[in-house]
Amino acid sequence: MSVATVADVPRPVAEVNAAGKFLFIAGTVLLCAWVLVPIYLLVVNTLSSPQEVSGFPKTAIPSFDFGSLQFFLGFAGVVRALWNSVVVAVLTMILSIGIGAPAGYALSRFEFPGKATFRMLVLMTRAFPLPLLALPLAVMFIRVGLDDTVLGLALVHTTLAIPFAVLITFSIFSGIPIELEEAAWTLGCNRLQAFQKVVLPLVLPGITASAIFAFTISWNEVFAASVLTVENRTLTAFLLQSLSVSPMHLKFAGGAALVLPALIFIFAVRKYLFAMWGIANR
Amino acid sequence: MAEIVIKDVAKSFGAFTALHSIDLTIADQEFMVLLGASGCGKTTLLRIIAGLETPSQGEVWIGGHRVDRLPPRERGIAMVFQNYAVFPHLTVFENIAFGLRMKKVPQPEIDRRVSRTAELMHIEQLLKRYSGQLSGGQRQRVAVARALTMEPDVILMDEPLSNLDALLRLEMRAELKGVLAASKTTTIYVTHDQVEAMSLADRISVMNGGRIVQAATPVEVYRNPAARFVGSFIGNPPMNFIPAMKVGEGKWQVAGLTLDGPKADQDRLEFAIRPEDVTVTPGGLKATARVVEPLGAHTLVTCDVNGAPFRAVLESDLRVAPGDDLSLAPKSDRVRWFDPETTMAV
């Protein structure tokens, strides 16, 4: 009896706290490394000369040699692919906001039959695997002449981006009290004027964020781009196609060209993306 | 001239009926308060007059024009919202000038009118600020100034003081009354606060369950409630009610006391008296004091009469202790009677 009680001495609370703290910090460091180390390697290799990329030993600090980047930009088809990526992403951005923002406004302001179902359906569009859709789409696009065009690809990317555009703009519009609009109506505005003069200035930053998010979705998309385009490849599709034949430094430079814009954009609009998922970030 | 006439207005939200056939006339320059507990339909009625809600049936007339199908901007109204609705992306000046700009009023005229109302509401020094830099009371002033600058025929106010703290509310109440009386507009003011209603109104419309129970002057509503609900809702502490039994023509037995009452056909009525309308006089209602709360000017005594709580407001120099037996005589001209079936006054 007495032996058991001696062994059962409670540990001090501080000791337990310290252990928890260690676990927390270790977890944080691990997660950060998980994300940051590949990006770091990407940046180091991009900013090194082609010889350094393929040679040994590696250095941790880049030599700021732009040889790889120069080679990348000079590589046949890269500039065209980059341009295609930008055009498709911009088109996607315009289309998804043009269609998604009115839907988000309607969801936040009006009561209509089937509203809950509609919200569900918007999300459901993401439930279909893209490979399942890509083949019939390719056939259909060939029939109507949209195959291998930036517009055709932008349409597919728009379907991918719209659910996010609708849900983000829905949460943005919901953040604007309806009374502000009503006050504008009583002060001489019709619905459109109230929207222009009161709602639009208030939601513009959020809409911009949502547009940038649509841009990044299109920018990063590779599957539909590979299947639906042949000549007019976007950068992702182009790099995937030339993966087996291109030298190491081209892959690194291409990877950086893809990752950096997306990274910068998402970082710039993170506040609104958190808001979309209902996480306060203040 | 902006008389408001509401004819047979009703509103349903799906299966829920928010308003049952409201008829109400509000005279030009009158200060009408819509008073009721939350969910009684008072805000819905205000929003129908504003044009923010479409009535399911009935007509709304403002200044001799039928407006129930017109958008808010064509009704000659201005509205002050409960949460102020000051535009956060505009300065106070631009907020107040907003309606004038929509009307394409020339700039010198805008400057003149904005500075005049700003002065009236004591916010001249805030004109360059944004609403995020204002306190609740200041925002309220901006919202009122924005409505007043429009020089509307009708000002509609939806619980404008309910978000302010008690002291500020008292101050704003007095100020609003002065400013609105001087502006000579017709005002409709929604509140659930009976003190606010009593102190501001020319007339009070007491609403309950989507109906107007009584529309009368504050004193009339207080002294002669048209229904049991009005008596119990208005007045703090509320009216006392005791069941009464008919014991003869115009004679009613109330808690063992026989009183003169109305010559009614009913066998049972409800006797009602305001707490301040009883005196400690022999031969009154037999009461046992339970809780004694000295309030300075008066003493509030909660007693047992016939096994039910009964509140009396008595002179503060009267010495009463819990457990004391009292005889409370109702002032005969202040006694009211209600039909327990219809809850209406007899």
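Throughout, protein chains are lettered first and strands after them, A, B, ... in sequence-line order, and every chain is numbered starting at 1. Just so it is clear, the structure is predicted and the values come from calculations on it, not from any experiment.
For A/E111, no part lies under 4.5 angstrom from a heavy atom of chain B. Of the two parts of B/V80, neither the backbone nor the side chain holds a non-hydrogen atom closer than 4.5 Å to a non-hydrogen atom of chain A. Heavy-atom distances place both the backbone and the side chain of B/M79 under 4.5 Å from chain A. Contact of B/R146 with chain A is made through backbone and side chain together, with heavy-atom distances under 4.5 Å. Within the 4.5 angstrom heavy-atom criterion, atoms from both the backbone and the side chain of A/L180 approach chain B.
Rounded to the nearest 0.5 Å, atoms NZ (A/K197) and CZ (B/R101) are 9.5 Å apart. The CG atom of A/L187 sits 10.0 Å away from the NZ atom of B/K103 when rounded to the nearest 0.5 Å. Atoms CG and OG1, from B/L52 and A/T186 in turn, are 7.0 Å apart once rounded to the nearest 0.5 Å.
By number of non-hydrogen pairs under 4.5 angstrom with chain A, the leading residue of B/M150, B/H89, B/R47, B/R75 is B/H89.
Open room surrounds CZ on A/F24; 12 or fewer heavy atoms of other groups in view lie less than 6.0 Å from it. For A/R109, the CZ atom counts as densely surrounded, since its 6.0 Å shell holds more than 12 non-hydrogen atoms of other residues, nucleotides or ligands. No more than 12 heavy atoms of other residues, nucleotides or ligands sit less than 6.0 Å from atom CZ of A/F267. Enclosure of atom NZ in B/K184 is not indicated, since only 12 or fewer non-hydrogen atoms of other residues, nucleotides or ligands lie within 6.0 angstrom.
The shortest distance between side-chain heavy atoms of B/F87 and A/P201 does not fall below 4.5 Å. The side-chain heavy atoms of B/P71 and A/N190, taken from C-beta on, include no pair separated by under 4.5 Å.
Considering all non-hydrogen atoms of both residues, B/M102 and A/G188 come closest at CE-O, 3.6 Å. B/F81 approaches A/E182 most closely through the heavy-atom pair CE2-OE1, 3.6 Å.
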